Protein chains: 2
Amino acid sequence: MYSVAVEDYLKSLWKLGPNNVGTKQLADNLRVSKASATKMILRLAEKELVDHIPYKGASLTKKGELEALSIVRKHRLLETFLSQTLGLGREEIHDEAEKLEHALSKNLEMAIAEYLGNPTRDPHGHPIPGPNGELYNESDLPLCDSPINMSLTVMQVPDDDPSILSWLENNGIHPGTELKIISRDKFDGGLNVKIGAIKKRISSSIASLVKISFEVEN
Amino acid sequence: MYSVAVEDYLKSLWKLGPNNVGTKQLADNLRVSKASATKMILRLAEKELVDHIPYKGASLTKKGELEALSIVRKHRLLETFLSQTLGLGREEIHDEAEKLEHALSKNLEMAIAEYLGNPTRDPHGHPIPGPNGELYNESDLPLCDSPINMSLTVMQVPDDDPSILSWLENNGIHPGTELKIISRDKFDGGLNVKIGAIKKRISSSIASLVKISFEVEN
DNA sequence: TATAAGGATTTGCCAAGGCTAACTTTCCAA
DNA sequence: TTGGAAAGTTAGCCTTGGCAAATCCTTATA
């Protein structure tokens, strides 16, 4: 349907959304020059995939969002499949999925979803959009904004930075990990957390990328 | 590494090989104009993937052949995987594999091969090259050239024409089918064959695409 | 309020892969 | 042996998706 490049731009816009996305922000995200991003935005606007206000930014139209969600679904299903079925490590699945997602037909997507039992979370904890773009957002908080001294469960880790990912992995932090914030550094916002009986320090920059949920005890 | 287009040309050259392949033959195979094929041949020659003799044709160099075999391996592994693991039908797997093969890393290829138990035949009966391009050719005969009145086993069916494929499927002919040629039409070369107790007629054009092996009784 | 910095766009370039139309080579058959 | 058909190539054009450099907006701050 759409080319690899178009799909990549739509996905980035979605990841950076839902508000207006600036050309530079988009260009940086895709590691492309601002000129290239501008040109592509104009083409996407032509196809009615984005609304573009010159010098202000671009945002996905409904049509563009659906297209983006379809790619995101493929990506996350593939990550789940590569991890669960083929046993690839959490660090490698992102890059593999990134390439395969563009070559996945609707048919094959369905087959994989079925095979996996229609999962709703990928191995990083991200929600998997439904076949028609339905997204169930459970309003997870970033770890850095989470309440102190409560039982937290990690829901999402970032999927696009292997080095952060392996740091987290090495420190036992992945979706499902239960932890508690002991204290927050007043100066740099770093967190002292407890995983089981073990204490760890997590920098605020990393903590902002880890999403958690917590149970309200009742 | 190489672009999708380059990989497609190499694969076609390999399928049409091993002798010199003409520009028109290549162009027809890829459904592309002669001019495009010429241009690409020049580029492939530049990269030392083919030897090109102007006005005569092109043939893969060792380097080009290895590259082609790598694509063929990915294609056939994917077909096997899609068929065995995800249960796709024999008619659909070719087109899916055609798209996915270009996005498959060496790593993932290995994982799939391992997962499948390093198979040596795909679901169409075609041999799967090894990870370094090793190909075990068991010199199968086309059905149309096969001896009469002997127990034959179907080894390969063509993988690239869904209509022929489903005709064969509907008539119970796939890799593993055992059959016997009863007689050959003197005029059009059509075959009367017996599958189990059932008699069928197979046109010579289709029979030329089905490869069989036969046991020498000893 | 003026201005400089930084974001956005325009312009002009490139390479890959396509195409058609025109031209050149090859080679078969009369 | 030769003429024409078929195969191969060349030339010129198009689109997509990149880039750098120059220029144009916006906006924050002095």
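This structure is a prediction, so every number in the text was calculated from the model and none was measured. The chains referred to below are lettered A, B, ... by the order of the sequence lines, with proteins before strands, and numbering in each begins at 1.
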So what does Ala35(A) touch, heavy atoms closer than 4.0 Å: a base, only the sugar-phosphate, or nothing? base
Tell me what Tyr2(A) touches on the nucleic acid: a base, only sugar-phosphate, or nothing, going by heavy atoms under 4.0 Å. nothing
CD1 of Ile41(A) versus P of dT10(C): gap in Å, rounded? 11 Å
Using side-chain heavy atoms (C-beta onward) and a distance below 4.5 Å, is Glu67(B) in contact with Lys63(B)? no
Over how many whole Å does the gap from Leu44(A) atom CG to dT15(D) atom P extend? 17 Å
Whole-Å distance separating the NZ atom of Lys34(B) from the P atom of dC23(C): 15 Å
In whole angstrom, what separates Ile53(A)'s CD1 from dG7(C)'s C1'? 15 Å
Contacts of Glu169(B) that satisfy side-chain hydrogen bond (donor to acceptor under 3.5 Å, both in side chains) - sequence neighbours left out: Arg90(B)
Nucleotide of dA21(D), dG17(C), dG17(D) approaching Met40(A) most closely (side-chain heavy atoms): dG17(D)
Using atom CG of Leu10(B) as one end and atom P of dG17(C) as the other, report the distance to the nearest whole Å. 11 Å
Taking only N and O in the side chain of Lys56(B), is any of them less than 4.0 Å away from OP1 or OP2 of dC27(C)? yes
Pick base, sugar-phosphate or nothing for Lys24(B), based on heavy-atom distances below 4.0 Å to the nucleic acid. sugar-phosphate
Can you tell me the distance, in whole Å, between the CG atom of Asp28(B) and the P atom of dA7(D)? 8 Å
Does Ser33(B) reach a base, just sugar-phosphate, or nothing at all? Heavy atoms under 4.0 Å. base
Closest-nucleotide mapping onto DNA chain D: is Gln25(B) or Lys39(B) further toward the 5' terminus? I mean the 5' end. Gln25(B)
Side-chain N or O of Tyr55(A) closer than 4.0 Å to phosphate OP1/OP2 of dG6(C): no
So, is Ser3(A) close to the dT16(D) phosphate, meaning a side-chain N or O under 4.0 Å from OP1 or OP2? no
Measure CG/Asp8(B) against P/dG17(C) and give the value in whole Å, please. 10 Å
Across the strands shown, which category fits Thr38(B) at heavy-atom distances under 4.0 angstrom: base, sugar-phosphate, nothing? base
Ionic contact status for Glu65(A) with Lys62(A), cut-off 4.0 Å: yes
Tell me whether Lys106(A) is salt-bridged to Glu109(A), with the criterion being a basic N under 4.0 Å from an acidic carboxylate O. yes
Rounded to whole Å, how long is the line connecting atom CG of Asn20(B) with atom C1' of dA7(D)? 13 Å
So, do Val72(A) and Glu101(A) sit near enough that their side-chain heavy atoms are less than 4.5 Å apart? no
From the list dA8(C), dT9(D), dG18(C), which nucleotide is the closest neighbour of the side chain of Ala5(B)? dG18(C)
Between dG8(D) and His52(B), is there an OP1 or OP2 to side-chain N/O distance shorter than 4.0 Å? no
